[in-house]
Structure formats: structure tokens, C-alpha cells
Asker: 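Here it is, the structure, as C-alpha cells.
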Amino acid sequence: MNLRILLILAALGAAFHYGYPQSVKKLLIKADYTLYKEQFPQAIKQYDQILKKDPKNKDAKYHKLIAEHLTNKRGQDLTDLLAFESSKGHSDKFYNYWMGRVHFMRYELDLAREHLQAFLDLKAYKSREIVAETSHLLDEIENASKFYLNPNEYEVEPLQAPINSTFADISPAFFGGSNELLFASSRPVGNGSSLGNYLIFHTVKNNNDQWQDPLALKELGTFTKNTAKIEVVNENGKLFIFRENGGGDLYFSEPTSTGWTRPVEFDTKVKASQLESHFFINNQEDHILFASKRSGTGLDIYESRLDLSTGSWSSPRAVNGINTQFDEDSPYLSKDGKTMYFSSDRRESMGGFDVFKSEYNASTNSWTTPENLGFPINTIDDEINFQLNNDDISGYLSSNRLHSQGDYDIFYFHKVGKIIAAGQVYDKETGQSIEGITLKFHPIKYADETFRARSDAGGQYKTEIIAEEEFVVEIAYGDEIVLVQQVITPGGSREKVFNKNFYVTLPKGGPTHHTNFNTLYEGAAEEDDDLTLLGSKFRVGRKAVTRNIYFDLHSFHIQPQSKEALDELYRLMKENPNLNIEIGGHTCNIGSHETNMEVSLKRAQSVKEFLVRNTIKPDRIKTVGYGETEPLASNDDEDEGRELNRRIEVKVIE
């Protein structure tokens, strides 16, 4: 096998079996490249192709499972992926990184932290990009953990079918005493395909308090994901939509006995306010909030007000005290106009877009410092389209959180009462109380929430949980589950104590603990990378070698057959605009040292000139001539020595 193939295989970090057919190897290289670009759905399809040809290919199985558990199998049983710990955990230095990502997406923050920290602690080359990303993710975990360990007084549950679907369902708008619902969805209608378009759907509750099948309001037109924002004012169902024609304007439609009216322009003077698609309009129809990128620093929230004396709308102004250098989106104003809710990915968020609220201060004509609404209203995923019901203690939002059916689902939230759960944990055989038992109370109705406790030296535990709720209690000794039991909590207030003791059978030999992730990776020889992966955060080293750039003998003139290799280098630089490289020229030992140094430098400069002619900025490229000073092989032989030493090396500048 030639050295070029060896370098590619090493770059992908996969334990290839040399018995793989050549066609499978090429497919695996392509699929891994797609995985490393984090195009997970496409990578899954490519791994499926490989597994049809080679069903026992462990590398394809392993990487396919990673892609699946970060997408369509998110939150499902991990046994299939964990089975690779004893093999890939030892040979793939990115194993802890991937497992950290998977556990983070499952809201298993403690395990995510352990894996990611073990990856950072690894004594092996890691790209600066992946180190920075991992460090940032650890910061997010620390911030999110504070919220997850202290759930607020709300509970969040998805609307069931026929509202939520395997497609994106967003922008809920309720009216008629919350018995009628309008929302936007990308689901297909009939036998047709939505082709990425959104329609507005309408549904009502029947006598059994169940939502009927939604009806598509085709007369309202189609929308993109960005423009599929709707708003209903008052309880009569007056529906506002945004259309981009003419620079952007508000239209409205009203329900009739047979359907909905054709949308008409709301106010010809609104267009002057340069409204944008993520809007809110109040019930009085004289105050509009919307998100815009006009500041150039991301999405900010602006407002425009109607001057009743002139009938004109004010020029948009940024809302005072709300906007940051991050994105602020999905504004919503309480009925009294004194509380603003919006979504933001600012530093105080748990990871994605969280819902924040701010109170209006009339004396300063500004808004108070926004407050994160916390978990479970917010998660590490995105929460948008927040709105309150008239009772101000319940409402709806859209989210792509764990256990969502589609891209986004619509969720209902409401305040709940809480009580104290307390008791002791005993050894079933001896009757002795047990210290160090972990108790997790999982509400059956709310899949993403957990209330935790740990028994103290006297075996006692205490935690705050939801009143009048059914729980699955999972009790663990070390990492081993020793009891699973269902309980139903009574009603009451925070002063009420729900006393519950548990009797468990302890495993012989004491508590078990999971693998020390820092000891997993056994190391591997760091080899040169493949050029196609040099710009990836998953590169295994800083350097790639290419021997397909040919020069005239004792010259720095590039031969025509070098075009494919040069184009590959150009694509690397074009697709990775933040990548800076060193191009190093190398020769064999034929000729004088001075000549070799000069020729190798000029050959490196010739490669740089090609890139610069093709629009790559010269300050991204450094050239060095190494002459014969860094041979890869002995110069005693031409085919296995001097030929290998005549090369161009590309090195990432970090």
C-alpha cells in the first residue's frame, strides 16, 4: 500500500482493516469527511451504503451511531454506541469528544462534563478549534447545570398529535378561550410535498377537549421558516401575518363562517417603519415589536408606535436595555404592556435561544435587566415563539428540545405546586440505613425533567418535587440501578412533606462506578494528515504531505499534471477562510545544500503564487524551503527514498 493511502487512513483516525475492499475504503473516507463536517443526515446515508457492501465494517457502524445519536436517535437507548467503549475508546482520540456531545444532547450533563474534560486532558495533538469548542461547551454545561438542578415552578409538555408532527410546527396563536389554535407547519398537505414551505393551519377542540385534525389555510399563502410568524389579537381570531413583498408589510385575515378572508394590508403607513418578519403586535394594534439585523451586530429588538394624532408610525428605535451583541428575537408583550418576553442566545442562556423576561420601568423609560426563565421552560436547545394565556400562569412556546417529534414542536407550559419529598433509604436485607444512595424522581408526564437527591450519613434524603404527580423513582448505588419504583405525590404546598422510605437490595462487592474516561485512550502514533482534512477541527496532526505537485527537473516550474493536487489545496483554503498555512518545499540530497535550499523555497513560493492568483490572500500563506534537511526516508534508493523526500508539505499555522 502506498504512503499516500496510509496517510489518508491515519488522518481519519479509524482502525481500518487492510482486508477492506478498495471501494469500501474510498466510501469510508468520503463518509468520515461528511461526518467531520457535521452533516450528520448525509453521513448516515453514506455509512448505510458502506454497510450494504460490508455489513461487519466496525468503523462505519461506530461513526453511523455517533451521527444517529446526535440526530434521529437522540435520547434513545445508548447501548449500541456504548458497546464501542472497549474498542474505539482506546483507539479513537475523539471518542470522549463525541460521547460528551451525545450526553450533552441528552441533558446528561455530568457525564458530558466528564467525557469532554477527559478529551481536553488528553496528551495528544488537538486542533485549536476543537479545544476552543470543547472549552466553550464545558462552560455551557456549568451554566446549564445550575438551571437543571433547580427547576422552576413551571411544567412543560408537548401538544400531542394531530398538532405536533414529524415536521416543524411553530408559532402557536390561540384564541376563543384557548379552544382554537392557529400555527405554522412544514407538514405536507394531501399527497403533496411542502418543499420547505410552511402553511398556516387551524384547529379547534372537540367536546372531549381533544384537538381536531388541523385544516390548512391555503388562502393565506405559503411562508418560509423565517417568515412563518403569526399573531392573533383579541379573542375574535384576527390573524396577522408578514409578507416580504414591497420591502415587508403586515397583513391580516379574519375568520368567517366558511373559512378565512383573503389577507389585506393592515396599514399602508406601517411599511414606512421597515417592519421585519419576527414581529409582535398588541391587542390595541398601536404598538409593534420586531427583530432586525439592521444594527449589523446580530438580531436586535426594535419597536414602532402609532401616533394617534397623525395616524403615522414612528421610526423604529432599538428597545432600551434589551439588546446585546448576541441575538434577541421573538418579542412578546404582556397584555398590560409592562412585561416583555423574548428569545436570546446571550451569555446568560443555557446553550441555544432561551426565553427571557424584562419589566418596564416608567421612571427611567427603560427595561430592567432581562431574567432567564430557567428550566424546564428553557433548555440547552432553542425556545422561541413564547406567549402567555390570559391567566398569566400558562402559555405556549415552540422548541426543538429533546423528545421533540420534528424539527420544532409546540409545547404547553403551566405553573405547578411543589412539595417536599423526604425519607430514608434502607438495606432490604439488614434493615440498616444506607449513605450515598442517589435518588432520581422522573415525572412520567414530563420526560426531560428530573428531581435529584442523595442519602446522607443517616440514610436520609430530601428534595423538592411536583405535587399531585406520578413519578418513576430510580435509585442507584454507585452506577448500578438497585430499585425502580413508581410513586404518586399528594397535593399541597411547599410546607407539605411527602414521606417515602425505600428498601433496596445492595450489590455484593460494594458500589460500581463507570470507567475513568481519562484512562480510556491508549494512544496512537501521530501521523501526517490528509490534505482534505487539514482544515477540519478533527485533523490528527498539523501537517499534510502531497507528492502530486510536480516540478521540472532542478526547477521550480510547476508541471501541468499537478493541477488536481493544486486544486485540492485551493479548495482547502477556500472552504476554510480562517485557515493559515505554511507551504514547505523539500528535496532529496542530490545537489548542493545551497541549491537544494533555494530550489525548495522557490517551489514553495510557486505553489503560493498559484493560490494567490486564485484569490487566496497572501497573508494567509507562509513559504519555507527546507532543502534536504528533513528527509522522510533514506536517500540511498530512488523509489523508496529520494522520491519520497521530494515533496511539498502543508502545515497549519496555529
Side-chain angles (χ1 to χ4, degrees), residues 1-12 22-23 25-27 29-30 33 527-536 539 542-577 579-633 635 637-653:
M1 176 173 295
N2 64 44
L3 184 59
R4 172 73 170 172
I5 296 297
L6 283 172
L7 293 174
I8 293 175
L9 299 182
L12 292 171
Q22 188 68 25
S23 60
K25 290 179 184 177
K26 291 181 178 179
L27 287 173
I29 290 168
K30 182 179 179 181
Y33 181 70
E527 304 211 33
D528 294 337
D529 220 325
D530 175 63
L531 188 62
T532 59
L533 285 178
L534 206 59
S536 168
R539 58 181 176 267
R542 291 179 55 201
K543 185 175 65 175
V545 178
T546 175
R547 288 176 190 78
N548 296 328
I549 299 178
Y550 303 100
F551 299 89
D552 291 341
L553 186 64
H554 306 305
S555 168
F556 49 87
H557 178 263
I558 300 175
Q559 295 182 356
Q561 59 264 46
S562 305
K563 186 176 187 308
E564 182 178 348
L566 289 170
D567 287 344
E568 184 181 14
L569 180 56
Y570 167 73
R571 283 193 297 271
L572 171 73
M573 298 298 288
K574 191 71 174 177
E575 292 175 4
N576 300 278
L579 180 68
N580 297 323
I581 62 170
E582 173 194 294
I583 299 175
H586 296 261
T587 68
C588 63
N589 67 347
I590 295 177
S592 69
H593 173 71
E594 291 76 14
T595 299
N596 289 337
M597 294 296 287
E598 179 183 5
V599 168
S600 62
L601 174 60
K602 288 185 176 180
R603 286 179 173 178
Q605 290 171 337
S606 294
V607 176
K608 176 178 179 176
E609 288 169 5
F610 167 83
L611 296 173
V612 172
R613 283 198 306 272
N614 286 277
T615 72
I616 303 301
K617 293 181 179 179
D619 59 0
R620 295 176 57 196
I621 308 166
K622 175 184 177 182
T623 56
V624 180
Y626 290 95
E628 78 285 7
T629 62
E630 296 185 359
L632 286 179
N635 282 293
D637 181 81
E638 174 61 25
D639 291 341
E640 301 297 330
R642 291 188 295 274
E643 183 182 2
L644 299 180
N645 293 331
R646 294 192 291 268
R647 67 197 189 275
I648 289 291
E649 288 186 352
V650 180
K651 187 184 299 182
V652 176
I653 298 175

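We count residues from 1, following the sequence as given.
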Asker: What pair of heavy atoms forms the shortest contact from S600 to T587, and how long is it?
Answerer: CB-CG2, 3.9 Å
Asker: Nearest 0.5 Å, what's the NZ-CG distance between K574 and L579?
Answerer: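 One finds 14.0 Å between NZ of K574 and CG of L579.
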Asker: Does CD belonging to E564 count more than 12 external heavy atoms closer than 6.0 Å?
Answerer: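 No, not enclosed.
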Asker: In Å, rounded to the nearest 0.5 Å, how long is the span from CD of Q561 to CG of N548?
Answerer: 10.0 Å
Asker: Starting at CG of N614, measure out to CZ of R571 and round the result to the nearest 0.5 Å.
Answerer: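 Answer rounded to 0.5 Å: 11.5 Å.
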Asker: Rounded to the nearest 0.5 Å, what separates atom OG1 in T623 from atom CG in L601?
Answerer: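 If we round to the nearest 0.5 Å, T623:OG1 and L601:CG are 5.5 Å apart.
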Asker: What are the two closest heavy atoms between T546 and A565, and how far apart are they?
Answerer: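 Closest heavy-atom pair between T546 and A565: OG1-CB, 4.0 Å.
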Asker: To the nearest 0.5 Å, what is the distance between CG on L569 and CD1 on I648?
Answerer: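 Here the interatomic distance stands at 9.5 Å.
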Asker: Just wondering, do R647 and E630 contact through their side chains at under 4.5 Å, heavy atoms?
Answerer: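 Yes; the side chains approach each other to less than 4.5 Å.
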Asker: Are V607 and V650 packed together at the side-chain level, in the sense that at least one heavy-atom pair is separated by less than 4.5 angstrom?
Answerer: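 Result no, sub-4.5 Å side-chain heavy-atom pair not found.
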Asker: Using 0.5 Å steps for rounding, measure from the CZ atom of R646 to the CD1 atom of I590.
Answerer: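 That separation rounds to 6.5 Å.
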Asker: How far apart are the closest heavy atoms of C588 and N645, and which atoms are they?
Answerer: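 In terms of heavy atoms, the two residues are closest at CA-CB, 4.2 Å.
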Asker: Quick one: does R542's side chain have a donor or acceptor within less than 3.5 Å of a partner on V652's backbone?
Answerer: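 Present.
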Asker: Got L611 and Y570 here, is their nearest side-chain heavy-atom distance under 4.5 Å?
Answerer: yes
Asker: Show the nearest heavy-atom pair for residues T532 and E568, with the distance to one decimal.
Answerer: CG2-OE2, 3.0 Å
Asker: Is it the case that more than 12 heavy atoms not belonging to F551 sit under 6.0 Å from its CZ atom?
Answerer: yes
Asker: Among pairs that include at least one residue of residues 579-615, which meet ring-ring contact (aromatic ring centres under 6.0 Å, His included), considering only residues two or more places apart or in two chains?
Answerer: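 Output for this query lists H586-Y626.
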Asker: Give every residue pair that meets the salt bridge (Lys or Arg N to Asp or Glu O under 4.0 Å) criterion with at least one member in residues 596-609, sequence neighbours excluded.
Answerer: E598-K602
Asker: Is E649 paired with K651 through a side-chain N to carboxylate O contact shorter than 4.0 Å?
Answerer: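 No, K651 and E649 are not salt-bridged.
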Asker: Is any side-chain heavy atom of I581 less than 4.5 Å from a side-chain heavy atom of R620?
Answerer: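 I581 does not reach R620 side chain to side chain.
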